[in-house]
There are 2 protein chains.
Amino acid sequence: MSVTIKDIARLAGVSYSTVSKALNDSPLVQPTTKEKILKIARELSYQPNIAAKKLVSNKSKTIGVVWPTINRVALSTIVTMLNEEIEKSTYSMILSISKAEVAINMFKQFQVDGILVFESSHEIHNHSNTQIPITLIATSDSLYPSIDLRRGDAIYKAVEYLKSLGHRELAYIGHLRNDNDGQFEKYFGFTEALIRLGLNPRSEMFVNTEGLYADHGYQAMNKLLDSGYRPTAIVSGSYELTQGIIRATKEAGLRIPEDISLIGYDHIPQMGELEIPVTAVGVPSNLIAKTAVEMLFRYIDHPDEKPIVQRLEPEICIRETCRAIE
Amino acid sequence: MSVTIKDIARLAGVSYSTVSKALNDSPLVQPTTKEKILKIARELSYQPNIAAKKLVSNKSKTIGVVWPTINRVALSTIVTMLNEEIEKSTYSMILSISKAEVAINMFKQFQVDGILVFESSHEIHNHSNTQIPITLIATSDSLYPSIDLRRGDAIYKAVEYLKSLGHRELAYIGHLRNDNDGQFEKYFGFTEALIRLGLNPRSEMFVNTEGLYADHGYQAMNKLLDSGYRPTAIVSGSYELTQGIIRATKEAGLRIPEDISLIGYDHIPQMGELEIPVTAVGVPSNLIAKTAVEMLFRYIDHPDEKPIVQRLEPEICIRETCRAIE
DNA sequence: TTGTAGGCGTTATCAG
DNA sequence: CTGATAACGCCTACAA
C-alpha cells in the first residue's frame with residue numbers, strides 16, 4: 001500500500017484535510033504546520049494518487065503520446081521536444097509505443113487529459129466517440145485538431161531553391177507509397193514543383209526507396225548512380241535516407257556539393273550535424289512540438305471549439321550541401 | 001456531467017449496487033433485471049469512470065519504463081522488445097523519457113505495479129523507500145533487482161575470439177568515462193583481456209571517443225588511422241560507434257575484414273543489417289528484455305524476496321567482419 | 001435476488 | 001487557521 005495523505009496526517013498529528021491544503025500550498029494553513037507536513041511528505045516520498053485526484057477534480061494533468069515508430073530520428077526529436085514543452089507546463093507526459101488503438105485505450109484508462117498521436121488518423125477513427133481531446137501530429141484530418149505539415153510545399157521550396165541555383169537535372173529519392181499520406185505528399189510535391197517551375201519531369205528523376213532508413217537511401221542512390229542519369233542535385237525524403245545518400249555518394253567518389261547538390265526533408269538539428277551540414281526543408285521540429293502542445297492545451301480548455309487543421313509553413317534551412325551551378 | 005450508475009439505477013428503479021453488479025455481469029442478479037439495466041445503460045451510452053474503478057481496485061496492471069536516452073539504437077531495440085514481452089502478459093507498458101526521478105514520481109502517481117529503469121542506480125537512490133517494485137536494466141545494483149550484463153566479459157570474449165583468429169595488434173574504440181559504469185566496464189574488460197591473454201597492452205590500443213554516437217566513432221577511427229598504429233582488429237564499444245568506424249575505414253580505402261577485422265559491442269539484430277554484417281558481442285537484446293520482464297513480474301508477485309542481481313552471459317554472434325590472419 | 005453501508009484517496013465546503 | 005464532513009463514481013461485503 002502506498003502512502004496517502006492520511007498517513008501523513010497521522011504522523012503530523014493533524015487532520016487529513018489540513019494535509020491536503022498544505023500539499024496544495026493553500027494560504028489557509030500556518031507556515032509552520034505547512035512546513036512540517038511538507039517535510040513528512042517528502043520523507044515518505046508521498047505521491048498523490050492520480051485516480052483519486054481525477055475522480056474529484058476531473059483532471060489528471062497528464063498528456064499521453066502515441067508513438068509507435070520509435071526508430072525514426074525526426075520523430076524521436078519531436079518527442080523529446082514535446083516532453084520539454086509539456087514539462088514547462090503543469091502537465092506530465094507519458095508515452096506508449098503500442099499501436100494507436102491499444103495505446104489510446106490505455107490512456108483512457110489512465111484518464112489522461114489529452115492525447116497526442118503520430119499515427120495516421122485511419123488508425124483511430126473508431127475512437128471518435130472518445131471524450132478525450134486528441135490532437136494529431138503529422139497527419140491532417142477533419143475529425144480531430146491536427147497539424148498540416150505541408151510536406152508538398154516543403155519539397156516545392158526545395159526544388160525552387162535548387163532551380164534558383166541553376167539546377168535543372170534533379171532527382172527525388174523517397175519512399176513512394178500511396179498508403180502513407182505523408183510520403184505521398186512529398187512525392188507529389190516534387191512532381192508538382194517540376195511542372196510548375198518548368199522543369200521537365202522524367203521518370204529517371206524518381207527513385208523509390210522501399211523504405212525510410214539509411215540503407216534504403218544508400219541502395220537507392222547507388223541505383224541512381226548506376227542508372228546513367230546523373231542529376232546535378234538530389235532531393236531526399238528523410239533524415240535517414242539522407243545519411244544513406246551521402247554514404248553512397250562519397251563511395252562513388254563524388255563530392256557534395258562540388259559534384260552534386262543535396263537537400264533533405266526533415267527540419268531537425270541533426271541535419272546540421274552530419275559529416276556535411278545538410279541543407280534541409282520542412283517545418284522546424286521545435287515548431288511542430290510547440291504547436292502540437294499549444295493546440296492540445298487549447299482543445300482541452302475549449303473542447304467545444306470545432307477541430308482545426310493548423311497549417312504550418314515549411315522553411316528552408318540553408319547549410320552546406322547546395323551549390324550554384326552556371 | 002456524464003452518466004453514472006446512479007442515473008441508470010434511478011431509471012431502472014433499482015439500487016445502484018444492483019446496477020454495478022449487472023454491469024459486471026454478476027450472477028447475483030436476475031437475468032430480466034440485468035437485461036433491463038443493460039438496455040438502459042446502452043441507451044444512455046454509459047461509460048464507466050475508470051478513475052473510480054481504479055481507486056477502488058487499486059490495481060493498474062501497468063509497468064512503467066524509465067527511458068531517458070531515446071536515441072541509442074540498442075536501447076530502443078530493447079524497449080520495443082519490452083513492449084512486446086509485456087503485451088504478451090495481462091499488463092500494459094507506459095514510458096517516460098524524463099529523467100529517472102521525475103519519471104518514477106509520475107509512475108507512482110499512476111500507481112503502476114512495477115517500474116523498469118535504464119538509468120544508472122545513482123539517479124534513483126533516494127527512492128529506495130518506495131513501495132513499488134523497481135528492476136534495473138543494464139546496471140547492477142544491490143538495492144534493486146537488477147541485471148548484470150557482464151560487459152567486461154563480453155569484451156573479453158571479443159578479444160579472445162580475435163586472438164584465436166591470430167590477431168595480436170588490437171584497438172578498443174569506446175567512450176571512456178568513469179562516471180558511467182557501463183562504459184567503464186567495457187574499457188576495463190578490454191584491458192583485462194589483453195593482460196590475461198598475454199597480449200601486450202599499450203596506450204595506442206585505447207581510443208577514446210568522447211561520446212557514443214556514429215560521429216564519435218568516425219572521428220576516433222580517423223584519429224587512430226592517423227596515429228601510425230595500425231591494428232589488425234578493432235573492438236568497438238557500441239552500435240553507433242561501429243557505424244562510424246565502418247565509414248572511416250571505408251573512406252581510408254581499407255576493407256573489412258580483408259584489411260582490418262571489426263567486432264562490436266551490442267548484440268542486436270541491427271548489427272547484422274549494416275552494410276557489412278558485423279560480428280558482435282553482448283547479451284542478446286531479446287534475452288535482456290525477456291529477463292527484465294520476468295524478474296519484475298517475479299518481484300511484483302514476491303515483493304519480500306531479497307533483490308537479486310541476475311547475471312546474463314554475453315554471447316558472441318559471428319558474422320562477417322572478422323578474419324583469421326596467419 | 002436485491003439493497004445498504006462503508007471505503008478507495010482527494011478536494012472543497014463549511015463550521016469551529 | 002484547523003478539522004469535520006460531504007462529495008467524486010464505483011465495488012463489495014453483509015444484511016435483508
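Chain identifiers are assigned alphabetically (A, B, ...) following the order of the sequence lines, protein sequences preceding nucleic acid strands; residue numbering begins at 1 within each chain.
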Asks: Can you tell me the distance, in whole Å, between the NZ atom of A/K61 and the P atom of C/dT10?
Replies: 17 Å
Asks: How far apart are the closest heavy atoms of A/L149 and A/V283, and which atoms are they?
Replies: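 That would be O-CG2, 3.6 Å.
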Asks: According to ring-ring contact (aromatic ring centres under 6.0 Å, His included), does anything in residues 79-101 of chain B pair up with another residue at least two apart or in another chain? List the pairs.
Replies: B/Y91-B/F297
Asks: Counting only heavy atoms not in A/E87, do more than 12 sit closer than 6.0 Å to its CD atom?
Replies: yes
Asks: Rounded to the nearest angstrom, tell me the gap between atom NZ in B/K54 and atom P in C/dG7.
Replies: 24 Å
Asks: Does a side-chain N or O from B/S15 land closer than 4.0 Å to OP1 or OP2 of C/dG3, or not?
Replies: yes
Asks: Give me the atom names and distance for the closest heavy-atom approach of A/S285 to A/T77.
Replies: OG-CG2, 3.9 Å
Asks: Nearest to the A/L55 side chain among C/dT10, C/dG3, D/dG9, which nucleotide is it?
Replies: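 When the side chain of A/L55 is considered, D/dG9 is the closest of C/dT10, C/dG3, D/dG9.
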Asks: Could you tell me the separation between the CG atom of A/N49 and the P atom of C/dG7, rounded to a whole number of Å?
Replies: 18 Å
Asks: Rounded to the Å, how far apart are B/Q30 CD and C/dT2 P?
Replies: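 For the pair B/Q30 CD and C/dT2 P, the rounded distance is 5 Å.
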Asks: I want to check one thing: is the phosphate of C/dT2, taken as OP1 and OP2, less than 4.0 Å away from some side-chain N or O of B/T33?
Replies: yes
Asks: Sugar-phosphate means primed atoms, P, OP1 and OP2; the rest is base. With that split, encode nucleotides 11-16 of chain C 5' to 3' as B, S or - using protein heavy atoms under 4.0 Å.
Replies: BBB---
Asks: Let me have the donor-acceptor pairs involving side chains of residues 25-33 of chain B, under 3.5 Å, with sequence neighbours excluded, atom names and distances please.
Replies:
from: B/D25; atom 1: OD1; to: B/K34; atom 2: NZ; distance (Å): 3.1
from: B/S26; atom 1: OG; to: B/L28; atom 2: N; distance (Å): 2.9
from: B/T33; atom 1: OG1; to: B/Q30; atom 2: O; distance (Å): 3.0

Asks: Write down the distance between CD (A/E35) and P (D/dT2), rounded to a whole number of angstrom.
Replies: 13 Å
Asks: Measure CD1/B/I8 against C1'/D/dC10 and give the value in whole Å, please.
Replies: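 Those two atoms, CD1 and C1', are 12 Å apart.
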Asks: Find the distance B/D25:CG to D/dT12:P and express it as a whole number of Å.
Replies: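 B/D25 atom CG is separated from D/dT12 atom P by 13 Å.
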Asks: Taking atom types as modelled, is there a side-chain donor on B/Q109 or A/N49 under 3.5 Å from an acceptor on the other?
Replies: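 Their side chains do not contain a donor-acceptor pair, so the 3.5 Å distance test is not met.
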Asks: Measure up the B/F110 and A/F110 rings against each other and bin them: parallel (under 30°), tilted (30 to 60°), perpendicular (over 60°).
Replies: perpendicular
Asks: Picking from D/dG3, C/dC8, C/dT2, which would you name as closest to the side chain of A/K6?
Replies: C/dC8
